[in-house]
Number of protein chains: 4
Amino acid sequence: MEKLGRKRSEKSRDAVLQATRELVTESGFTHVTIEKIAARAHVGKPTIYRWWQSKNAILAECVLGGEVLPAVDETSASEIHTSASEWFRAVLGYVDENAALLRGLVAAAYEDPEIAAQLRAHLGDPIEAALIEWAGGAGRETPLAGELSPHALAQLLFGAILYRLAPTLGATDASDVEMFDVLIARLHTQ
Amino acid sequence: MEKLGRKRSEKSRDAVLQATRELVTESGFTHVTIEKIAARAHVGKPTIYRWWQSKNAILAECVLGGEVLPAVDETSASEIHTSASEWFRAVLGYVDENAALLRGLVAAAYEDPEIAAQLRAHLGDPIEAALIEWAGGAGRETPLAGELSPHALAQLLFGAILYRLAPTLGATDASDVEMFDVLIARLHTQ
Amino acid sequence: MEKLGRKRSEKSRDAVLQATRELVTESGFTHVTIEKIAARAHVGKPTIYRWWQSKNAILAECVLGGEVLPAVDETSASEIHTSASEWFRAVLGYVDENAALLRGLVAAAYEDPEIAAQLRAHLGDPIEAALIEWAGGAGRETPLAGELSPHALAQLLFGAILYRLAPTLGATDASDVEMFDVLIARLHTQ
Amino acid sequence: MEKLGRKRSEKSRDAVLQATRELVTESGFTHVTIEKIAARAHVGKPTIYRWWQSKNAILAECVLGGEVLPAVDETSASEIHTSASEWFRAVLGYVDENAALLRGLVAAAYEDPEIAAQLRAHLGDPIEAALIEWAGGAGRETPLAGELSPHALAQLLFGAILYRLAPTLGATDASDVEMFDVLIARLHTQ
DNA sequence: ATCTAAGCGAGACGGTACGTCAAGTCTTGTT
DNA sequence: AACAAGACTTGACGTACCGTCTCGCTTAGAT
C-alpha cells in the first residue's frame with residue numbers, strides 16, 4: 001500500500017524556517033509566535049503543527065539543521081595547537097553568526113530537556129570529540145593527574161560559549177579564544 | 001512632603017515570593033503564571049504588578065533577594081587553595097540548592113538583559129572579586145604571561161555554572177569542583 | 001476572490017444569544033458580564049468580540065433580532081379603530097413578554113446612541129408608519145388643526161412604552177391601551 | 001451622649017457633587033467612576049462611600065438635590081391653559097438644562113428601582129399633582145368618559161420627557177410643548 | 001488646655017471583569 | 001491527503017475599578 005495524497009511541500013518547510021530566522025533576528029525568540037511565523041511564511045498553522053512539535057523544535061531546526069561545525073582535519077602532532085586554535089575560532093565564528101538564534105535556543109534548553117539534548121548532540125559532543133582526537137584518542141580520555149581531561153575541558157568550553165551568548169554577560173571580543181589557547185596548551189603538556 | 005497612604009504589605013510580598021518558589025519548583029518556570037502566583041498567594045494581580053515589573057523580576061527577587069554568596073575570609077597565603085576551594089564548593093552548594101529557580105532565571109537572562117545584569121551583579125561579580133582577592137589584589141588583575149587572568153577565570157567558572165544548570169547537559173557531580181581546583185592552581189603558580 | 005477559511009458557527013451564535021437571554025432574565029442586564037455569557041454559552045470570549053461590538057450589541061440582537069412587530073393589515077375604514085387597538089395591544093404584548101430584555105436595552109439606549117437608533121428603527125418607526133397608514137397615508141401626515149399628527153402620536157406612544165418599562169414607574173395594567181384608544185380616536189375625528 | 005469628633009465636611013460634599021456634574025457632562029455617566037470623582041474632587045474614596053450608597057445615589061443628589069420643579073400658582077379658571085402651558089414649558093426647560101445628568105439618572109432608573117422611585121417622587125408626582133390641581137382638585141381625579149384622567153395624562157407627559165431625553169430618539173424642539181397644549185385642552189373640555 | 005473620637009486625603013489591599021493575544025484544534029474548499 | 005485560510009475553545013495577559021482597609025493628620029466637643 002502506497003502513500004496517497006500530496007507530498008510534503010518543501011516550499012512551505014523552507015518558508016517556515018526562513019520566516020522564523022527573520023523573526024527571531026528582528027525581535028528575539030520570546031516575541032516570536034507561531035501565528036506570526038505562519039503569517040510571514042504564508043502557511044497555515046495546521047501545516048506547522050503537522051511537522052513540528054513546538055516553537056522550540058522549529059528554532060532547533062533553524063539553527064542545527066544542516067552541517068553545524070567543521071570536521072577536524074587529521075593533522076600532525078606538531079600542528080595540533082595551531083589546528084585546534086583555528087578550529088575553535090571557527091566554532092566561535094558560527095556561534096557569533098547565529099547568536100540571536102542560538103540565544104533563543106539556549107534559553108529554551110533551560111526549560112526543555114529535548115532542546116538541551118539537541119544542543120549537546122550538535123555542539124557539545126563535537127567539541128568533546130575533537131578534543132579527544134587531539135588528546136590522542138579514546139585511550140587518553142581519563143584525566144591526567146593534576147590536569148584537565150578532554151571531557152572536563154569540553155565542559156569548560158561549552159560553558160564559555162553559554163557565557164558568551166548571554167546578553168550583557170559575555171563580551172563578543174577575542175578573550176574566549178585566548179582562554180581556549182591557554183587551556184588547550186594544558187592538554188598535551190607533558 | 002511625607003509619605004501618605006497605606007504602607008506596603010510585607011505579608012503580601014512574602015506570600016508572593018513563597019508562592020513563586022513553590023510553583024517554580026513544582027512545575028518549572030515556564031508553566032508558572034502570574035495568575036497562579038496570585039491565586040496561591042491569596043493576593044490580587046494588581047498588587048503583583050504594582051511591585052514587580054514582570055514574572056522575571058519576581059523570580060530574580062526570589063533567588064537573589066537576600067545574601068547570596070558567602071564572603072571571602074581573609075586567609076594566609078598558604079591556605080589560599082584550601083580556602084578558595086571551600087568557597088567555590090559553597091557557591092556550587094548554593095547553585096544546587098536553588099537549581100530549579102536559577103534555571104528559570106538563567107533562561108530568562110538569555111532574553112532579558114535586565115535579568116542578565118542582576119545575575120552578573122549577584123553571581124558573576126562576587127566570583128571575580130574573590131578571585132582577584134586571592135590573586136593578590138587589584139594590582140595583579142592583569143593576566144600573567146601564558147596564564148589565565150582572574151577575569152578570564154571568573155568567566156570560565158561562571159560558564160561552568162551555566163553548564164551545570166542546563167538540564168541534561170551538566171551533571172550534578174563533583175567534577176566542577178575538581179575543575180576549579182585545577183584552574184585555581186594556575187592562578188598563583190609561578 | 002472567494003471566501004476562505006472556516007464559516008461562522010451558527011451554533012455559537014445561538015448559544016450566545018440564548019445565554020444572554022437567560023442571564024438578563026435571571027439577574028438583570030447590569031449583572032450580566034461577557035465572561036458569564038461566554039461561560040454559559042460554552043464559547044470563547046474572542047468569538048464574542050469577533051462578532052459583537054459590545055454587550056449592548058448582543059442584547060440588541062437578542063431583543064430586536066427577528067421580526068419584532070406584527071404588520072398592519074389593510075382594513076376598511078370602518079374597522080380602523082378596532083384594528084388599531086388590537087395592533088397596539090399586540091405591541092404591548094411583545095413589550096411585556098420581553099420586558100426584562102427591553103429594560104436593559106432601554107437603559108443602554110440612554111448612554112449609547114447606536115442602541116437608541118436600533119430601538120427607534122425596530123419599535124418607533126413601525127409604530128409611526130402604522131399610525132400614518134391609519135391616518136390615511138402620507139398625504140395626511142401634516143397635523144390637523146388642534147389635533148395630534150401621527151408623528152406626535154407616535155412619540156407619545158413610544159414614551160408610554162418607555163414609561164411602562166421603567167421599574168416602579170409604570171404599572172403593567174391595561175391603562176396604556178385605554179390611553180391609546182382615547183388618543184387614536186383623535187386621529188380621525190372630523 | 002452627644003456626638004464626638006469632627007463634623008461632616010460640607011466642602012467635600014460640594015466638591016464631590018460638582019466633580020460628578022462636570023464628569024457626567026464631559027463624558028457621560030457610563031464613563032464616570034468613583035475613582036475619577038474622588039480624584040477630581042480631591043477627596044478620599046472612603047469619604048464618598050461613607051456618605052453615598054452608590055454612584056447612582058451621587059447622581060441622584062446632583063440632579064434632584066434642591067428644589068426641582070416650580071410650584072403651581074393658584075390661578076383663575078380662565079387662565080388655566082395659559083398657566084399650565086407656561087408651567088410645562090418651565091418643566092421642559094429644567095429637563096433640557098440638566099439633560100446630560102438626567103439621561104444618566106434615567107438609564108440608572110431602568111436597572112435600579114431606588115432611583116426610579118426618586119425620579120417619580122421629584123418629577124412624576126409633581127406633574128400629576130399639578131394636573132389634578134388644574135383639573136379641579138382631587139374630586140375630579142376619576143377619568144372623564146372618553147377622556148384622559150389627570151393620572152393618565154401625567155403618565156403621558158412623563159413618557160414624553162423620557163422620550164425627549166433619549167439620545168437620537170427625541171428631538172429637543174418645541175413639539176413636546178405643542179403636544180402638551182393639545183392634551184391639556186382635553187382636560188377641561190365639557 | 002488637653003484629650004479623644006470621628007472625619008479626612010491618600011493610597012495599598014483582595015477581587016472581578018475587562019478586552020486582547022496566542023496557543024493548539026477543527027472546518028472548509030482548493031490543489 | 002496536504003494545503004492556505006481562518007473560526008473555534010481555552011487560558012493567560014496586563015489594566016481599570018470596585019468597595020474595604022490602613023495610614024498619619026486635622027478638627028472640635030468633652031473633660
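Numbers restart at 1 for each chain; the letters A, B, ... are given by sequence-line order, proteins then strands.
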Looking at H42(C), does any N or O in its side chain come under 4.0 Å of the phosphate oxygens OP1/OP2 on dT10(F)?
-> yes

Positions of residues 5-37 of chain D (non-hydrogen atom under 4.0 Å from DNA chain E), listed by number | G5(D), R6(D), K7(D), R8(D), S9(D), S12(D)

d(CG, L4(C); P, dA7(F)) in whole Å = 10 Å

Once you round it to whole Å, what is the distance between P of dA2(F) and CD1 of I48(A)?
-> 16 Å

For V16(B), does its backbone N or O pair with a side-chain atom of T20(B) as donor and acceptor, under 3.5 Å?
-> yes

Here the residues of residues 50-58 of chain B within 4.0 Å heavy-atom distance, strictly under, of DNA chain E are R50(B), W51(B)

Please identify each residue that fulfils side chain to side chain donor-acceptor pair (under 3.5 Å) with K45(D), with sequence neighbours left out.
-> E35(D)

Take atom CZ of R40(B) and atom P of dG14(E), then tell me their distance rounded to the nearest Å.
-> 17 Å

What pairs with R13(B) under salt bridge (Lys or Arg N to Asp or Glu O under 4.0 Å), at least two apart in sequence or on another chain?
-> E10(B), E61(B)

DNA chain E: Y49(A) or A38(D), which has the more 5' nearest nucleotide?
-> A38(D)

Short side-chain to backbone donor-acceptor contact, K36(A) and A19(A), under 3.5 Å | no

Nearest-0.5 Å distance that lies between atom CG in L105(A) and atom CG in N98(A) | 10.0 Å

Of P46(C) and V43(B), whose closest DNA chain E nucleotide lies nearer the 5' terminus?
-> V43(B)

Return the set of residues passing side-chain contact (heavy atoms from CB on, under 4.5 Å) with S54(A) (not counting sequence neighbours), or none when no residue passes.
-> N56(A), A57(A)

Quick one: does K45(B) reach the base of dG15(E) with a side-chain donor-acceptor pair under 3.5 Å?
-> no

Heavy-atom pair of closest approach, residues Y110(C) and L162(D) | OH-O, 2.7 Å

State which residues pass salt bridge (Lys or Arg N to Asp or Glu O under 4.0 Å) with R40(B); sequence neighbours excluded, sorted by chain then number.
-> E22(B), E26(B)

